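Input: a single structure, listed below in structure tokens.
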Amino acid sequence: MKTQINGTDILELGFPEGKIIGIALKINSKRHGLKRDEMITNFKNVLEAPENYIDDAIFSKLAIALIEKVNEKPEDFIALNQNPNAYASYGAEHIEDGARKQMEVAMQLPVTVAGALMPDAHQGYGLPIGGVLATKNAIIPYGVGVDIGCRMALSVYDIAEDFYFENEAKFKKELIANSIFGAGHGFHGQYKSDHAVLENDAFNMTPFVKNLKDKAWSQLGSSGGGNHFVEFGIMEFAKDDAVLNIPKGKYVALLTHSGSRGMGATIAGHYTKMAKDVCKLPEVAKNLAYLDMNSQLGQEYWMAMNLAGDYASACHEIIHNKMERALGATILAKVENHHNFAWKEIWNGEEVIVHRKGATPAGKGVMGIIPGSMTAPGFLVRGKGEENAINSASHGAGRQMSRTQAIKNITKNEMKSILQHHGVTLIGAGLDEAPMAYKDINQVMEAQQDLVDVVAKFTPKLVRMADDGSRED
């Protein structure tokens, strides 16, 4: 079996984002009798000296595309700022070069005011995951991300820790009965949920958004693929918390992570394409195409983004309400925060658009949840309002292996062993979500002590994720 080369592998070699990646992947798909290492070596050589491969039977098209890119006329594009402001970085020694390079490009946009990189940062498309970017009167669809309004939601119950271990079978039954996962999956007929979000006037703003309503209704109250989860665990308050009015102790809690499902992904794709049509940036910054907030497109995207965020919140609300009824429990506290979103905020005395792509709002006193992995603790936090971080913190541990790398390097036995060691029951999930694929959450939290205070620690015990390896649709 051939070990595949994917787009991330090509990017890591230093190839520019865009159509050149597609050309390289097409060449690789034929493989031409070359092993993976040989193909990687050839790609490196073509990148370093494309002129030597103009007449090559295999790599000529790639070489020509690279040469054409070098000779693109700068006047064809919106010029980047060659003397950008510095950005704040937390836990920089554990952040990969690809994420740093993407952040450096984002800082060069003419609309950029400030930026920050969170300690869980890793390479994405356009703005890195874990990137925070403040812009002047401009919104970047890929600065928000594909899964618009992806969020964490927490319910802390008046249920003691011992009750969970004495009744684990009941919790497992209710978790399976009241959650559904995977790209494309949803509810039908009498099983559909209702929610006020479906009456939001924003669904009628354009025919494009209106056509998303039926799918949104079907998927309402469901969770997506990838790293989305619904899990029970133990929330430990090491001391009384006066703000939440919760005494010191250990409580059963429900934690959920998912976003705006197919609706959000479709909105992201549609408006990213539109942004690229009207905002011509050099290839290196192509995925950071932005929309002027004074334009019709900018206002359309802003409304659609907020609708997707409200919809994502509704999905969590339905899951938590179902579980509350099923357990017959009283909720002591509810906390919800989102990432993959943009907010109008005041920074340095001026209104800016703050994009948090995989970053948690952490203004002074703002509550948030930062998960680890299925075997690592998560943390209930309270923001400190650090201006250098643009009032932000990490949204999790962050990946240290790509999905492809995790599947290739982690065995089922290794994953089973670590789950048993931590006393975690897992329903679904593939090797791409194995705990070892993520950074050390304690290291991440250590790097952001200036950004948040820890209020309580969450230890996962019963985790459900998509079992079909699906990504968001």
Side-chain angles (χ1 to χ4, degrees), residues 1-13 15 17 21-22 24-25 28-29 36 39-40 94-99 101-102 118 120-131 142 145-147 150 181-185 223-231 257-259 261-262 264-265 268-269 287 339-340 357-358 371-376 394-419 424 426-441 444 460 463-473:
M1 179 181 173
K2 294 176 182 176
T3 304
Q4 290 301 313
I5 296 172
N6 60 30
T8 302
D9 297 324
I10 304 294
L11 278 170
E12 286 175 353
L13 292 176
F15 279 79
E17 294 180 5
I21 301 292
L25 290 174
N28 177 67
S29 67
R36 185 182 192 278
M39 186 63 78
I40 289 287
H94 303 296
I95 298 174
E96 63 189 12
D97 286 342
K101 287 175 182 174
Q102 287 186 317
M118 299 299 105
D120 62 336
H122 53 283
Q123 190 168 328
Y125 288 95
L127 194 65
I129 298 159
Y142 259 3
V146 173
D147 190 9
C150 188
F181 280 82
H185 296 179
S223 303
N227 62 356
H228 294 165
F229 58 76
V230 178
E231 62 189 29
H257 174 222
S258 61
R261 306 293 279 111
N287 284 329
H339 44 268
N340 289 10
K357 186 179 181 184
S373 72
M374 61 180 73
T375 59
S394 83
H395 81 314
R399 297 191 74 93
Q400 64 178 354
M401 289 186 199
S402 69
R403 295 184 182 279
T404 304
Q405 288 170 330
I407 292 167
K408 188 169 63 176
N409 293 308
I410 300 168
T411 67
K412 288 182 179 179
N413 284 338
E414 286 172 334
M415 186 163 170
K416 184 178 178 181
S417 177
I418 195 170
L419 288 167
V424 174
L426 176 64
I427 304 167
L431 293 174
D432 57 332
E433 283 301 320
M436 303 83 92
Y438 286 86
K439 295 178 183 179
D440 180 348
I441 185 63
V444 169
V463 181
R464 187 177 189 189
M465 304 181 80
D467 58 5
D468 57 4
S470 63
R471 304 294 295 277
E472 196 51 89
D473 54 349

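Bear in mind that the values here come from a model prediction, so they are computed numbers and not experimental data.
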What is the distance from atom [atom1] of [X] to atom [atom2] of [Y], rounded to the nearest 0.5 Å?
X      : Y      : atom1 : atom2 : answer
Met401 : Ile407 : CE    : CD1   : 11.5 Å
Glu96  : Ser402 : CD    : OG    : 9.5 Å
Leu419 : Met415 : CG    : CE    : 5.5 Å
His94  : Asp440 : NE2   : CG    : 8.5 Å
Ile10  : Leu25  : CD1   : CG    : 5.5 Å
Met465 : Leu426 : CE    : CG    : 7.5 Å

Measure from the side-chain N and O atoms of [X] to the backbone N and O of [Y], and report whether any donor-acceptor pair falls under 3.5 Å.
X      : Y      : value
Asn287 : Tyr125 : no
Lys439 : Ala121 : yes
Gln400 : Tyr438 : yes
Gln102 : Gln123 : no

request  = Please list, chain by chain and in numerical order, all residues satisfying salt bridge (charged side-chain N to carboxylate O under 4.0 Å, His left out) with Glu231, sequence neighbours excluded.
outcome  =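 Partners of Glu231 by the salt bridge (charged side-chain N to carboxylate O under 4.0 Å, His left out) criterion come out as none, since no residue qualifies.
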ask   = Of all residues at least two apart in sequence or in a different chain, which pass the salt bridge (charged side-chain N to carboxylate O under 4.0 Å, His left out) check with Arg399?
value =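 Applying salt bridge (charged side-chain N to carboxylate O under 4.0 Å, His left out) to Arg399 gives Glu433.
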So, do [X] and [Y] sit near enough that their side-chain heavy atoms are less than 4.5 Å apart?
X      : Y      : value
Phe181 : Ile427 : no
Phe229 : Pro460 : no
Thr8   : Gln405 : no

ask   = Under the side chain to side chain donor-acceptor pair (under 3.5 Å) test, which residues partner Asp97, sequence neighbours left out?
value =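 With neighbours one apart ignored, the set is Arg100.
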inquiry  = My understanding is that only residues two or more places apart in sequence, or in another chain, count here; which of them pass side chain to side chain donor-acceptor pair (under 3.5 Å) with Asn6?
reply    =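 Counting only residues at least two positions away or on another chain, Asn6 forms a side chain to side chain donor-acceptor pair (under 3.5 Å) with Thr404.
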Non-hydrogen atoms of [X] and [Y] that approach each other most closely:
X      : Y      : value
Pro435 : Thr375 : CB-OG1, 3.2 Å
Ala376 : Ile441 : CB-CG2, 3.9 Å
Arg403 : Asn227 : NH2-N, 3.7 Å
Ile410 : Ala437 : CD1-N, 4.1 Å
Gly224 : Ser258 : N-CB, 4.1 Å
Glu414 : Asn409 : OE1-O, 3.8 Å

inquiry  = Test of understanding: with side-chain contact (heavy atoms from CB on, under 4.5 Å), list the residues that count as partners of Asn340, not counting sequence neighbours.
reply    =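 If we apply the side-chain contact (heavy atoms from CB on, under 4.5 Å) test to Asn340, skipping adjacent residues, the hits are Asp147, Cys150, Lys357.
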task = Evaluate the ring planes of His228 and His257, with Trp represented by its six-membered ring, and classify them as parallel (under 30°), tilted (30 to 60°) or perpendicular (over 60°).
result =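 Taking His257 first and then His228, their aromatic rings stand perpendicular (interplane angle over 60°).
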key: Any residue meeting ring-ring contact (aromatic ring centres under 6.0 Å, His included) with His395, in chain and number order, not counting sequence neighbours   =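 His395 satisfies ring-ring contact (aromatic ring centres under 6.0 Å, His included) with His339 only.
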